[in-house]
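Please read the structure below before turning to the comments.
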Amino acid sequence: MADLPQKVSNLSINNKENGGDGGKSSYVPPHLRSRGKPSFERSTPKQEDKVTGGDFFRRAGRQTGNNGGFFGFSKERNGGTSANYNRGGSSNYKSSGNRWVNGKHIPGPKNAKLEAELFGVHEDPDYHSSGIKFDNYDDIPVDASGKDVPEPILDFSSPPLDELLMENIKLASFTKPTPVQKYSIPIVTKGRDLMACAQTGSGKTGGFLFPLFTELFRSGPSPVPEKAQSFYSRKGYPYALVLAPTRELATQIFEEARKFTYRSWVRPCVVYGGAPIGNQMREVDRGCDLLVATPGRLNDLLERGKVSLANIKYLVLDEADRMLDMGFEPQIRHIVEECDMPSVENRQTLMFSATFPVDIQHLARDFLDNYIFLSVGRVGSTSENITQRILYVDDMDKKSALLDLLSAEHKGLTLIFVETKRMADQLTDFLIMQNFKATAIHGDRTQAERERALSAFKANVADILVATAVAARGLDIPNVTHVINYDLPSDIDDYVHRIGRTGRAGNTGVATSFFNSNNQNIVKGLMEILNEANQEVPTFLSDLSRQNSRGGRTRGGGGFFNSRNNGSRDYRKHGGSGSFGSTRPRNTGTSNWGSIGGGFRNDNEKNGYGNSNASWW
DNA sequence: AAAAAAT
């Protein structure tokens, strides 16, 4: 290969470019690097490096996409050089690199202890790690639209997933794909961008991890701009980045990734705030092929130069609507648009969101290219194995009502939602005083406390968990028998997420909510949910709802489900705002537009769906 | 209005 001289000249050009400041020291402390436009980095040549004089390097990949630009020079791709791939300080890190030898994936040996840790031991053959009993999920309606939508798969082997991955999937007791996975796996495999309206519990994590790992297991590591590695400070070059709104959710995705990368060359990492950054940096050093992160901590690591996004093939935004609700948009845009992330065309982007409001549509327009829109029916609310009860309880009576409720039917795990962090603590103390085994999870507790609370709850050490919104969505806690909305949320979607924490795995669950005059705003949505799930509607609620509609506005648009649809359907096929085509001309073609629906219930009409909405679940 | 998230 004649790229060595090339290298040198590039280096010297770069050096000149950067040398405008003459002899004065241009050291930039790590945390200040990449502020401002010229993002140069100092990099100390490795000892064995024959190239001298090239101290400065442009951050790889910004304009040049996935190959790291002129620093994407590849060492010979042969014999025993596996450790040169994507490992900072090549000689120091070998363990997972050893699983990619001479262009082949060599799975590591089995490890009984690790296997038990990752997959656990389950006597129940129907046990499934995310609490889904698949047979009960077959009727979740899914609708896919966009250009050239791939046909959904029927099982994991139809276009086969990677062999090792299949073994791990079996270890995790997955038997067949969930409805989301049936659609998302071929979509991701085909390299398409995806916007999916789906909730946790639908199996969406596997929906993107499976095809992603299949591809990574097969293609192996790719070379990194080795010169960009400083000898002292190594850098992670993940191939896939998953952004999640909360630390718990990030951890959960990471744990799933650990299962499915067992014995493979791919090493997952997780970073989030509230935990010592040093440990996380060391983990990144040890190899970081898939990175799960909350936005704040990732930005921190990017600014410290510990992570480069130049090699990203896959970008996943999980719970995108929540991330925007939490004000993460600037940070997400910084990560995606202002660092060294490959451009839209040079990466594959998958967005998941429970709803599809206009700000998410804009994000989709900016981050996705010719995407497929997938909408997946709600898992929780449609399920009739959750008994929903609404009790009228004034605020001052809530404590005693709760005690009544608990003494009447507290068995298994009870999850209690409150609105404020203060109330979470106060109620937990109260319950402990009453000799209940209660613990709390909310944003003012330290990360360690949150983790302890969650694992105590999961392990039944504390069978009551009092939680704020931090636990409402996404958290996967199997076997919750009773969800109590001590305070009702103001957002009906939050309500659905909350009650969806129970009644999983085909078990029956109970959701009890304390309602009073402070909850007027949720009446309409609540009525719809209760009706949809064939639940009893208390008379005080139907009375209120009748009063509301008499006095107020009539419902616009006519559809029974409109207030909950949140525009979460593919606005592109409904004419939309027009902004779609105008900013991205390449997407304006309409020729191959199609829509594939699968698993639809047959009782659309009965459920109040007009024909106009028939393609939406 | 509250919660969450980088320190």
Side-chain angles (χ1 to χ4, degrees), chain A residues 29-35 200 241-254 269-281 283-284 291-307 317-336 338-339 353-354 359 395 415-428 440-451 453-454 465-475 485-495 497-498 501 516-522:
Chain A
H31 65 286
L32 293 177
R33 287 174 197 167
S34 85
R35 294 256 164 97
T200 308
L241 173 64
V242 183
L243 291 177
T246 64
R247 300 162 183 177
E248 278 76 14
L249 188 56
T251 307
Q252 195 174 289
I253 297 167
F254 168 69
C269 270
V270 63
V271 299
Y272 48 77
I277 198 167
N279 297 341
Q280 293 177 0
M281 295 199 298
E283 285 297 313
V284 169
L291 182 60
V292 188
T294 49
R297 179 55 64 92
L298 176 60
N299 268 324
D300 195 350
L301 289 171
L302 285 167
E303 281 175 16
R304 290 169 190 246
K306 290 305 296 181
V307 172
L317 304 185
D318 204 3
E319 307 260 356
D321 50 352
R322 265 206 101 193
M323 290 204 279
L324 293 201
D325 283 349
M326 288 163 63
F328 280 154
E329 180 160 5
Q331 302 185 53
I332 292 171
R333 286 196 180 269
H334 180 253
I335 291 165
V336 177
E338 290 162 13
C339 295
S353 180
D359 48 352
D395 282 344
L415 181 55
I416 303 177
F417 283 106
V418 295
E419 265 315 89
T420 66
K421 296 181 275 198
R422 246 178 69 204
M423 181 54 86
D425 280 334
Q426 201 188 317
L427 195 60
T428 307
I441 185 165
H442 61 71
D444 272 357
R445 303 202 77 188
T446 67
Q447 192 55 27
E449 287 171 330
R450 282 161 61 163
E451 276 158 24
L454 200 57
L465 180 65
V466 183
T468 58
V470 68
R473 297 184 181 205
L475 271 199
N485 282 306
Y486 189 86
D487 299 314
L488 270 165
S490 49
D491 178 18
I492 190 64
D493 285 311
D494 280 331
Y495 173 82
H497 275 285
R498 289 181 182 186
R501 301 304 103 201
N516 61 39
S517 52
N518 298 326
N519 306 116
Q520 299 271 5
N521 49 0
I522 205 179

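Order of the sequence lines sets the chain letters (A, B, ...), proteins ahead of strands, with each chain counted from 1. Nothing here was measured: the structure is a model prediction, and the numbers come from that model. Side chains are part of it too, since the values below use all heavy atoms of this structure and drop only hydrogens, waters and symmetry mates.
Listed by chain and number, the residues in a ring-ring contact (aromatic ring centres under 6.0 Å, His included) with Y486(A) are F514(A) (sequence neighbours excluded). Annotation: salt bridge (charged side-chain N to carboxylate O under 4.0 Å, His left out) contacts of R445(A) (sequence neighbours excluded): E449(A).
Relative to the side chain of T294(A), the nucleotides dA4(B), dA1(B), dA6(B) differ in distance, and dA6(B) lies closest. Comparing atom distances between the Y272(A) side chain and each of dA2(B), dA6(B), dA4(B) picks out dA6(B) as nearest.
With rounding to whole Å, I441(A) atom CD1 is found 9 Å from dA5(B) atom P. Between K421(A) atom NZ and dA1(B) atom P there is a gap of 15 Å when expressed in whole angstrom units. A straight line from CG of D494(A) to C1' of dA1(B) spans 13 Å, rounded to a whole angstrom. What separates CG of L302(A) from P of dT7(B) is a distance of 15 Å, to the nearest Å. Across the protein-nucleic acid pair, L249(A) atom CG and dA5(B) atom P stand 11 Å apart, rounded to whole Å. Counting to the nearest Å, the C1' atom of dA2(B) and the CG atom of D487(A) are 11 Å from each other. Look at CD1 on I332(A): it is 17 Å from P on dA4(B), rounded to the nearest Å. The CE atom of M423(A) sits 11 Å away from the P atom of dA3(B) (whole-angstrom rounding).
For dA5(B), one of the phosphate oxygens OP1 or OP2 lies less than 4.0 angstrom from a side-chain nitrogen or oxygen of R247(A). The phosphate of dA2(B) (OP1 or OP2) has no side-chain N or O of T468(A) nearer than 4.0 angstrom. Phosphate proximity of dA5(B) to R450(A): present, with a side-chain N or O under 4.0 Å from OP1 or OP2. Side-chain N/O atoms of R322(A) include none lying less than 4.0 angstrom from OP1 or OP2 on dA3(B).
Between D425(A) and H442(A) there is a side-chain heavy-atom pair separated by less than 4.5 Å.
Listed for the Q280(A) side chain is a donor-acceptor partner under 3.5 Å among the backbone atoms of Y272(A).
Note that CG of N299(A) and CZ of R304(A) are 12.0 Å apart. Values are rounded to the nearest 0.5 Å.
The residue G327(A) sits apart from the nucleic acid: no heavy atom pair falls under 4.0 Å.
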